[in-house]
Visitor: 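One structure coming up, written as structure tokens, with questions to follow.
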Amino acid sequence: MAARPLYPFAEIETRARALWEREDLFRARLEGPGRKFYALMMFPYPSGHLHVGHGRNYILGDALVRYRLMRGDRVLSPMGWDAFGLPAENAAIQGGKHPRLSTLANIARMKEQLQRWGCGYDWSREIASCHPGYYRWTQWMFLQLYRAGLAYRKRAPVNWCPSCATVLANEQVLDGACERCGTMVEPRDLEQWFFRITAYAQRLLDDLRLLDRWPERVLAMQRNWIGRSEGVELDFRISPGEEVVRCFTTRPDTVFGVTFVAMAPEHPILERVCAGNPRAGAIRAFAGKARRQNFVERTSADSPKEGIDTGVKVRVPLSGELVPLWVVNYVLPEYGTGAVMGVPAHDERDFAFAKAHALPVRVVIEPPDGIPPGGLAQAHVGEGRQVNSGPFDGLPNSEGWERIADAVEKEGVGRRRVTFRLRDWLISRQRYWGAPIPIVTCAACGIVPVPEESLPILLPPDVEFRPTGESPLARSPEFVETSCPKCGGKARRETDTMDTFVDSSWYFLRYLSPRDTARPFDRALLDAWLPVDQYIGGVEHAILHLLYARFFTKVLHDLGHVGFDEPFGALFTQGLITKVAYQCPEHGWLPAGPSLEARVAGGTRTCPEPRHERFEAPPELRVSLHKMSKSKGNTVPPEPLIERFGADAVRLYTLFVGPPEKEAEWDDASVVGQYRFLARFHDLVRSLAPVPAGGDPKGAKGAFDDLRRAAHSALRSVSEAFEGDFHFNTAIATLHTLADRIGKAAPAAEAPADRAALREAALLAVRMLAPFAPHLAEELWSSMGEKGSVFRRAWPAYDPALAKSREVEIALQVNGKVRSRLVVPSDAAEEEIRSRALADERVREWTAGRPIAKTVVVPGRLVNFVLR
RNA sequence: GCGAGAGUGGCGGAACGGCAGACGCGCGGGACUUAGGAUCCCGUGGGGAAACCCGUGCAGGUUCGAGUCCUGCCUCUCGCACCA
């Protein structure tokens, strides 16, 4: 039933790929003439199948790589696999294959998919983060951080799913529930390893300024995530007593408005507050309950603000006033000092809390339009003048801020401080399928790092994956039991593995020397090749991956391992590919497909499933746009489209679908447009193939001179797309138009110069098409009698004199409205244009003898006659 | 709430302050066909017989001229959010 193809893309594509393989086209030349160009696409997690949404990343990158090859650059375009991770292990738990086997199978399949798409990489540099030859060095990285004091262990709460009996990573917790079974997650305390990324917070923030070729939104997200805030730390002394409760505030100007102090239930001083306190029982009960609240309940903005008065009083700095100390659920232990001063008049949360617990509200910043007679109806958080603030009364609060900060520093009851929202990076995972943390615990020596020469610590091949809450490694005696590297006594290996973000924080360094068994990377090569010239990936990694990779790079720089301290010079984040998804109130997400699409397009929006128990009639489907994902049933595999239209057409549509940095909706039906174009272009160039080389296109006249100009002008815009914003959607539209013009001009080509011009235009079009539709371009290149791969021929330079048309049509306006048009030579002088415009009959009608107040001439664009 | 971005035909989207809607899908008509859910050609923002008028989320402004710049709103998307 398969219709005959419009052009023989299957053979063409096979042939082209064979040629590239023979030519070893994508083998990187690390040395030699030409500029280096490190093109990096975020390496994928080998989930098993790529869908067309993934393609956007790789096809965009491949087009760029091919363009750079044609520019004569020494291109490094490697590919690898972010191959550790939970899905493979979850599959094993559910009785599937060992993660290693399923991962390897997935890698093989996805590699083939990339090749079928025509995406070229230097596969001799392929890496997989689950390979011992790789994770050996991930462990080495850990040891570097450990030695530098940047890796440490402490007790910390983790997400525990009581139903799966396992620990979950934050990203596996959706709205407080386990991703897999939907059970609400509970906090649990475990010994965990952390990387001290907070030590680099300021630099990670400051150096964002250097990243001028990163998208603004990514920079903003990083700034936001780091979350620097300037404030003052104030000491509230418990009275009577010597203990101090420290509060961080960004509003020291409101200190005279403090009417209570609130601390987190986890606060270390809590036990001392309880000692000898008649309310100790109630306080402990409340704190315990608050601590057990799950993350979402605790941190969502509209959950109830609860608290208990400890009965203890603390003294407010400067004013010396005594206010009650409360324990509340809404203060977080991790941020600031774990305690805050309560200023109901000037903080919305404090205001709500004070109203609920009958605490006084004292205005100390007068709003510009005064204090309403009945008191504040809500907190005044804006600017104003200091009132009720002792010696600071009358100052604008911005000045009060500084003066009060000075005063508390002078009196030694506080100090200016900078706080970050960024937390240390928890890297422990109680999981099997990751790089083991190279640490042993010895009864005599304590925590001992494994010596570098003992790496890698290999994963044992046989473990039981049954989830119990501790790492499956803990159940492998041959793994756990070891000897202490220091004293030789009996010791226990750390059984946690590392977060996969650790693997991806340095992979771009390994590509330069992927098989080096002596060291993780080669500094000389890195210093020559880094930073990456163009990094391409999805926005979903805008924060964590990019921040961690930057952190690692800075650490390696500071330890003297590399000579640069930012890894990615230019970043391009392409928008998500979305696709309609169908949701039935009873059956959930239904797999999208042609039949369902046709059903909905035909006006039937009800669920096609035969059985409906909760509904009398089949309910309406909810149709909405979502990122392609397996769970929503709206992924589109590339294979059927490639079989029907060829990889080139799929590539072209993927690039054509919209500006690459924006979201785009995938529409299978639209692929045909690019297919038709390629087929037309194929037939056209084949029909031109007998046109012999020779003749000088410079002598072309009339329509063929115009054709040359069209070709060179297209060349200019396509080249600019590669050098600029990667808006290949318009570049491809330009090629459509050029191909159309070639086709229209072709039949009239007779004079040798005209034929030469035709040939020139066709060859230029083929070469411009090459980065986008490489297979067809390769075929047409040789069919025109050109030798060797089109990618070995230098990208053509456009002739600026030619890259504009001979004549232009300009608009003639009267009072800003177009009334006529005029064709003039594109280099016509302003005076000539003006007089010819004035002579235009329609212009004369519209001006009708009325005086012309002003004439605006924009050469090449328009003439505007302003009447009055 | 804070930050970033976006609102243009039936749809995806084009437009250095200068002819709004390039290019593609879809749709309409025609051709070729036993047939067309293939292909090719023509047409396709709205109104109007036409001249012409109206059209880029809304309201103002700057300008000879605004989708584009400025001011104030509205809507949507994304990120962060009891962050003290």
Side-chain angles (χ1 to χ4, degrees), chain A residues 3-6 215-229 231 247-251 254 262 264 298-305 328-332 334-343 347-350 352-353 381 419-423 539-540 542-543 575-576 578 598 601 625 652-653 656-659 661-677 679-680 683 727 729-737 740 809-821 852-868:
Chain A
R4 221 176 94 251
L6 295 182
E216 180 51 44
R217 73 177 151 158
V218 173
L219 296 174
M221 282 159 87
Q222 294 230 340
R223 254 182 246 119
N224 210 317
W225 188 261
I226 295 168
R228 183 182 197 273
S229 63
C247 297
F248 176 75
T249 180
T250 53
R251 293 296 304 274
T254 64
R298 188 72 188 274
T299 57
S300 87
D302 40 44
S303 63
K305 288 157 187 52
V328 302
N329 64 344
Y330 71 87
V331 171
L332 304 174
E334 300 283 327
Y335 186 78
T337 57
V340 300
M341 61 187 210
V343 187
D347 180 283
E348 282 165 25
R349 271 161 314 164
D350 295 344
F353 191 76
V381 296
T419 302
F420 295 92
R421 202 192 73 97
L422 181 69
R423 313 283 169 78
V539 241
E540 64 272 23
I543 299 174
L576 290 172
T578 61
L625 270 186
L652 223 49
Y653 174 68
F656 186 74
V657 68
E661 72 283 358
K662 282 182 38 179
E663 273 192 12
E665 183 190 342
W666 184 268
D667 175 29
D668 282 2
S670 292
V671 181
V672 74
Q674 305 310 315
Y675 176 53
R676 285 179 193 141
F677 160 68
R680 262 198 316 272
D683 293 348
H727 279 201
N729 53 329
T730 54
I732 290 166
T734 302
L735 291 179
H736 289 173
T737 308
D740 191 45
E809 189 184 67
I810 63 174
L812 303 184
Q813 298 184 334
V814 177
N815 280 341
K817 289 201 186 290
V818 180
R819 296 304 180 186
S820 186
R821 290 163 207 287
I852 292 168
K854 185 174 178 181
T855 308
V856 181
V857 181
V858 184
R861 295 278 179 192
L862 54 66
V863 181
N864 188 12
F865 296 106
V866 184
L867 306 181
R868 169 64 57 108

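Note that these values count all heavy atoms, side chains included, but never hydrogens, waters or copies made by symmetry. In what follows, every chain begins at residue 1, and chains take the letters A, B, ... in the order their sequences are listed. Bear in mind that the values here come from a model prediction, so they are computed numbers and not experimental data.
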Visitor: Establish, with yes or no, whether the OP1 or OP2 oxygen of B:rG26 is under 4.0 angstrom from a side-chain nitrogen or oxygen of A:Arg676.
Guide: yes
Visitor: Taking B:rC83 as the reference, what is the distance to B:rU75 when you measure between their C1' atoms (whole Å, please)?
Guide: 29 Å
Visitor: Expressed as a whole number of angstroms, how long is the span from A:Leu862:CG to B:rU63:P?
Guide: 19 Å
Visitor: Using atom C1' in both nucleotides, what's the gap between B:rG13 and B:rG24 to the nearest angstrom?
Guide: 9 Å
Visitor: Nearest to the side chain of A:Phe656 - B:rC23, B:rC53, B:rA84?
Guide: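 The answer is B:rC23.
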Visitor: Hey, which sits more toward the 5' end of RNA chain B by its nearest nucleotide, A:Tyr675 or A:Lys662?
Guide: A:Lys662
Visitor: Determine the Euclidean distance between corresponding P atoms of B:rC78 and B:rC42; express it in Å to zero decimal places.
Guide: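 Roughly 42 Å separates the two P atoms.
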Visitor: Could you tell me how far apart A:Met221 (CE) and B:rC80 (P) are, to the nearest whole angstrom?
Guide: 6 Å
Visitor: Can you tell me how far the OG1 atom of A:Thr734 sits from the CG atom of A:Asn729, to the nearest 0.5 Å?
Guide: 9.5 Å
Visitor: Looking at every strand, decide which applies to A:Leu6 at a 4.0 Å heavy-atom threshold: base, sugar-phosphate, or nothing.
Guide: sugar-phosphate
Visitor: Nearest 0.5 angstrom please: A:Leu862 CG to A:Leu812 CG, how far?
Guide: 8.5 Å
Visitor: Identify whether any heavy atom of A:Val818 sits under 4.0 Å from a base atom; if not, whether one sits that close to sugar-phosphate; answer base, sugar-phosphate or nothing.
Guide: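 Result for A:Val818 = sugar-phosphate.
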Visitor: For A:Pro659, which contact category applies under a 4.0 Å heavy-atom criterion: base, sugar-phosphate, or nothing?
Guide: sugar-phosphate
Visitor: What base-paired stems does RNA chain B take part in, with at least 3 consecutive Watson-Crick or G-U wobble pairs and both distances under 3.5 Å?
Guide: B:1-7 with B:74-80, B:10-12 with B:23-25, B:26-31 with B:39-44, B:45-47 with B:52-54, B:57-61 with B:69-73
Visitor: Once you round it to whole Å, what is the distance between P of B:rA6 and CG of A:Leu576?
Guide: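 Roughly 17 Å, once rounded to whole Å.
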Visitor: By nearest atom, which of the nucleotides B:rC25, B:rC83, B:rG24 is closest to the A:Val672 side chain?
Guide: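 Selected nucleotide: B:rC25.
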Visitor: Crowded around A:Glu348 CD? As in, over 12 foreign heavy atoms under 6.0 Å?
Guide: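 Not buried by this count: 12 neighbours or fewer within 6.0 Å.
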Visitor: By nearest atom, which of the nucleotides B:rC82, B:rU77, B:rC23 is closest to the A:Glu663 side chain?
Guide: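 Comparing B:rC82, B:rU77, B:rC23 against the side chain of A:Glu663, the answer is B:rU77.
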Visitor: When only distance counts, do a donor and an acceptor, one from the side chain of A:Asn864 and one from the base of B:rC64, lie under 3.5 Å apart?
Guide: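 Looking at the base of B:rC64, it does pair with a donor or acceptor on the side chain of A:Asn864 (distance under 3.5 Å).
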Visitor: Can you name the nearest heavy-atom pair linking A:Leu6 to A:Tyr675, along with the distance?
Guide: N-OH, 2.8 Å
Visitor: Between B:rG55 and B:rG21, how many Å separate the two P atoms, rounded to a whole number?
Guide: 16 Å
Visitor: If I pick the P atom on B:rA49 and the same atom on B:rA59, what distance separates them, to the nearest angstrom?
Guide: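 Those two atoms are separated by 28 Å.
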Visitor: I need the A:Asn864 CG to A:Asn815 CG distance, nearest 0.5 Å.
Guide: 7.0 Å
Visitor: Going by atom types alone, do A:Tyr653 and A:Asp668 pair a side-chain donor with an acceptor below 3.5 Å?
Guide: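 No pair is found: no donor N or O on one side chain lies under 3.5 Å from an acceptor on the other.
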Visitor: Scan A:Glu809 against the nucleic acid and name what it touches under 4.0 Å (heavy atoms): base, sugar-phosphate only, or nothing.
Guide: base
Visitor: Between B:rG10 and B:rG46, how many Å separate the two P atoms, rounded to a whole number?
Guide: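 Those two atoms are separated by 7 Å.
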Visitor: Using a cut-off of 4.0 Å on non-hydrogen atoms, how would the nucleic acid contact of A:Leu735 be classed: base, sugar-phosphate, or nothing?
Guide: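 Result for A:Leu735 = nothing.
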Visitor: Measure the distance from CE on A:Met341 to C1' on B:rA84 and round it to the nearest whole Å.
Guide: 9 Å
Visitor: Decide yes or no, distance alone: a donor-acceptor N/O pair under 3.5 angstrom between the base of B:rA84 and the side-chain of A:Arg349.
Guide: yes
Visitor: Please give, in whole Å, the distance from B:rA14 P to A:Ile732 CD1?
Guide: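 Between P of B:rA14 and CD1 of A:Ile732: 12 Å.
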Visitor: Specify the residue among A:Gly816 and A:Thr730 whose closest nucleotide of RNA chain B lies further upstream toward the 5′ end.
Guide: A:Thr730
Visitor: Whole angstrom is fine here: how far is it from CG in A:Asp740 over to C1' in B:rC42?
Guide: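 To the nearest whole Å, that distance equals 13 Å.
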Visitor: Rounded to the nearest 0.5 Å, what separates atom CG in A:Asn224 from atom CG in A:Leu219?
Guide: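 Output value for this atom pair is 12.0 Å.
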Visitor: Please classify the glycosidic conformation of B:rG29 as syn (within 90° of 0) or anti (everything else).
Guide: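 Anti conformation here, the glycosidic angle of B:rG29 being more than 90° from 0.
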Visitor: Among the candidates B:rC80, B:rC82, B:rC25, find the nucleotide nearest to the side-chain atoms of A:Asn224.
Guide: B:rC80
Visitor: Give A:Val866 one of three labels, base, sugar-phosphate or nothing, depending on what nucleic acid heavy atoms sit under 4.0 Å from its own.
Guide: sugar-phosphate
Visitor: What nucleotide, of B:rA4, B:rG18, B:rC23, holds the atom closest to the side chain of A:Ala733?
Guide: B:rC23
Visitor: Rounded off to whole Å, could you give me the CG-to-P distance for the A:Leu219 and B:rG79 pair?
Guide: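 After rounding, the gap between these two atoms is 17 Å.
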Visitor: Should the pair A:His736 and A:Phe677 be assigned to parallel (<30°), tilted (30 to 60°) or perpendicular (>60°) ring geometry?
Guide: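 Rings of A:His736 and A:Phe677: tilted, 30 to 60°.
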Visitor: I'd like the P distance from B:rA14 over to B:rG61, given in whole Å.
Guide: 31 Å
Visitor: Using a heavy-atom cut-off of under 4.0 Å over every strand shown, decide if A:Arg423 touches base, sugar-phosphate, or nothing.
Guide: base
Visitor: Counting only distance, no hydrogens or angles, is the base of B:rC64 paired donor-acceptor with the side chain of A:Lys854 under 3.5 Å?
Guide: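 No, no donor-acceptor pair under 3.5 Å.
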Visitor: Side chains of A:Arg228 and A:Arg223, heavy atoms from C-beta outward: is any pair under 4.5 Å?
Guide: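 No - every pair of side-chain heavy atoms lies 4.5 Å or more apart.
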Visitor: Check whether any side-chain nitrogen or oxygen of A:Arg217 sits under 4.0 Å from OP1 or OP2 of B:rC80, and answer yes or no.
Guide: no
Visitor: Rounded to the nearest 0.5 Å, how far apart are OG1 of A:Thr737 and CD1 of A:Ile732?
Guide: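 Between A:Thr737 OG1 and A:Ile732 CD1, I get 12.0 Å after rounding to 0.5 Å.
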Visitor: Looking only at side-chain N and O atoms, does A:Asn815 come under 4.0 Å of OP1 or OP2 in B:rC64?
Guide: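 No.
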Visitor: May I ask you to verify if any side-chain N or O of A:Lys817 is less than 4.0 angstrom from the OP1 or OP2 atom of B:rC54?
Guide: yes
Visitor: Any chance you could measure A:Tyr335, atom OH, to A:Arg421, atom CZ, to the nearest 0.5 Å?
Guide: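 Result: 9.0 Å between the selected atoms.
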Visitor: Measuring from the side chain of A:Arg421 (C-beta onward, heavy atoms only), which nucleotide among B:rA4, B:rA81, B:rA84 has the closest atom?
Guide: B:rA81
Visitor: Look at all strands and tell whether A:Val858 reaches a base, only sugar-phosphate, or nothing, counting heavy atoms closer than 4.0 Å.
Guide: base
Visitor: Take the protein atom CZ of A:Arg861 and the nucleotide atom P of B:rA66, then report the distance between them rounded to whole Å.
Guide: 16 Å
Visitor: Applying a 4.0 Å non-hydrogen cut-off, can you work out what A:Glu348 is touching in the nucleic acid: base, sugar-phosphate, or nothing?
Guide: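 Nothing, no heavy atom under 4.0 Å.
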Visitor: Expressed in whole Å, how much space separates the C1' atoms belonging to B:rG3 and B:rG17?
Guide: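 Per the computed distance, 29 Å lies between those C1' atoms.
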Visitor: Using the side-chain heavy atoms of A:Glu216, tell me which of these nucleotides is nearest: B:rG13, B:rG5, B:rG18.
Guide: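 Closest of the options to the side chain of A:Glu216: B:rG5.
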